[in-house]
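This report concerns only the one structure given below.
Atoms within a ligand are numbered from 1 in the order they appear, just like the ligands themselves.
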Amino acid sequence: MQILDGKLVSEAIKAQLATKVAELKAAGKKTPHLAAILVGNNGASETYVASKVKSCAEIGYNSTLLRFDEQISEKHLLDHITMLNENADVDGILVQLPLPKHINEELVINTIDPSKDVDGFHPMNVGKMVSGLPTFVPATPYGIMLLLEHYQIPTKGKHAVVIGRSHIVGTPVSILLSRSANPGNCTVTLCHSQTTNLKEICLQADIIVAAIGKPNFVTADMVKEGAVIVDVGINRVADASKKSGFRLLGDVKFDEVAPKCSFITPVPGGVGPMTIAALLKNTYHAAIGQKVNMN
Ligand SMILES: Nc1nc2c(c(=O)[nH]1)N[C@@H](CN(C=O)c1ccc(C(=O)N[C@@H](CCC(=O)O)C(=O)O)cc1)CN2
């Protein structure tokens with residue numbers, strides 16, 4: 001069994017981007033600029049946004065963090081997005097999810113200029129991805145593809161089972177695994193809460209992408225010998241022995257699944273850091289006016 005080390009690969013991607021940014025600056029070109037919007041005090045969201053802002057600084061990007069109170073009105077939030085859309089210095093805009101219940105997430109995403117939508121959530125960018133056109137690819141699915149590519153995991157003709165059909169991960173990664181070339185060209189089964197024979201389906205999988213948001217959901221009896229396991233779950237589980245009061249658990253029961261598989265992502269240090277690296281790649285592409293071609 002080999003670990004798919006997202007921390008290591010993300011650091012390598014960040015180093016490549018830092019070199020490219022230095023080249024842009026030396027040529028008198030624009031420094032990439034990411035604007036992040038954070039609403040409320042969700043602890044996990046604070047961690048992720050802080051990590052995005054820190055990573056920008058590490059590789060020489062400019063970043064702006066707009067923090068708003070939980071009670072911000074939808075109109076006020078949309079006005080701020082419009083201002084960022086019109087700010088020529090800002091290349092990429094992201095609104096950290098989830099948003100408070102009184103705010104219409106769809107409306108917020110639809111308000112972001114598609115050419116600055118580095119999360120790849122705008123329907124126009126989703127449509128392009130589904131059509132196989134160059135676009136911004138959502139960061140977590142993009143990060144998973146970059147990780148599979150780095151480790152040269154064979155995917156052509158393999159059966160990939162994706163557990164979870166969210167707009168952020170499950171649905172887009174199933175499209176990428178089936179459509180893209182290398183990695184890609186998989187036969188994909190997309191499973192979700194209404195799937196009745198999940199264990200039987202998982203046992204046929206060469207690759208499992210677990211993105212269901214339930215700690216330790218995938219157990220050894222669901223995994224075929226030699227399968228590749230990608231664990232997207234980052235579940236905070238109460239643990240009084242930790243200073244933070246919680247520990248992170250993936251969607252996969254790592255200790256019992258790892259001995260059975262060929263490759264596995266750890267939690268933390270697997271898909272999470274790749275999400276940040278992929279976002280930074282999208283932001284670089286936004287700054288130079290390019291899109292990502294997954295074909
Ligand atoms: N606007 C967005 N919101 C959300 C996205 C997204 O892509 N765009 N995805 C997730 C959260 N997410 C990115 O924002 C994210 C999740 C996890 C990590 C990460 O680095 N995880 C670390 C552990 C960090 C910790 O201590 O908790 C790891 O796995 O090693 C980065 C980004 C939902 N919202």
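Judged by distance alone, the side chains of Asn125 and Thr135 do bring a donor and an acceptor atom under 3.5 Å apart.
When only non-hydrogen protein atoms are considered, atom 1 (N) of ligand 1 lies nearest to Asp119 OD2, 2.6 Å. In this structure, atom 29 (O) of ligand 1 lies nearest to the protein heavy atom Gly272 CA, 3.5 Å. For atom 5 (C) of ligand 1, the closest non-hydrogen atom on the protein side is Gln96 NE2, 4.3 Å.
Only the side chain of Ile234 comes within 4.0 Å of ligand 1, counting heavy atoms alone; its backbone N, CA, C and O stay farther away.
Within the 4.0 Å heavy-atom cutoff, Pro273 counts among the residues contacting ligand 1. For Lys7, the heavy-atom gap to ligand 1 stays at 4.0 angstrom or more. In this structure, Gly269 has a heavy atom closer than 4.0 Å to ligand 1.
The distance from ligand 1 to the heavy atoms of Lys52 drops below 4.0 Å at these ligand atoms: 8 (N), 13 (C), 14 (O). Remark: ligand 1 atoms within the under-4.0 Å shell around heavy atoms of Arg236 are 27 (O).
Closest approach of Ala210 and Asp251 over heavy atoms only: O-OD2, 3.5 Å.
Among Thr140, Leu248, Ile276, Val169, the residue whose heavy atom sits closest to atom 25 (C) of ligand 1 is Leu248. Of all the listed residues (Leu97, Ile37, Thr275), Leu97 holds the heavy atom that lies closest to atom 3 (N) of ligand 1.
Distances between N or O atoms of Val95 and those of ligand 1 include at least one value under 3.5 Å.
Of the possible donor and acceptor atoms, none in the side chain of Thr187 sits under 3.5 Å from a partner among the backbone N and O of His159. A side-chain donor-acceptor contact under 3.5 Å links Lys25 to the backbone of Gly60. Side-chain atoms of Asp239 do not come within 3.5 Å of backbone N or O of Arg247 as any donor-acceptor pair. Between the side chain of Thr265 and the backbone N or O of Val230 there is no donor-acceptor pair closer than 3.5 Å.
Within a 4.0 Å radius of atom 13 (C) of ligand 1, the protein contributes one or more non-hydrogen atoms.
Here Lys14 pairs with Glu11 in a salt bridge; the nearest charged N to carboxylate O distance falls below 4.0 Å.
With a 6.0 Å radius and a threshold of 12 heavy atoms from other residues, nucleotides or ligands, Glu200 has its CD atom above the threshold.
Contact check for Phe136 versus His122: no side-chain heavy atoms found under the 4.5 Å cut-off.
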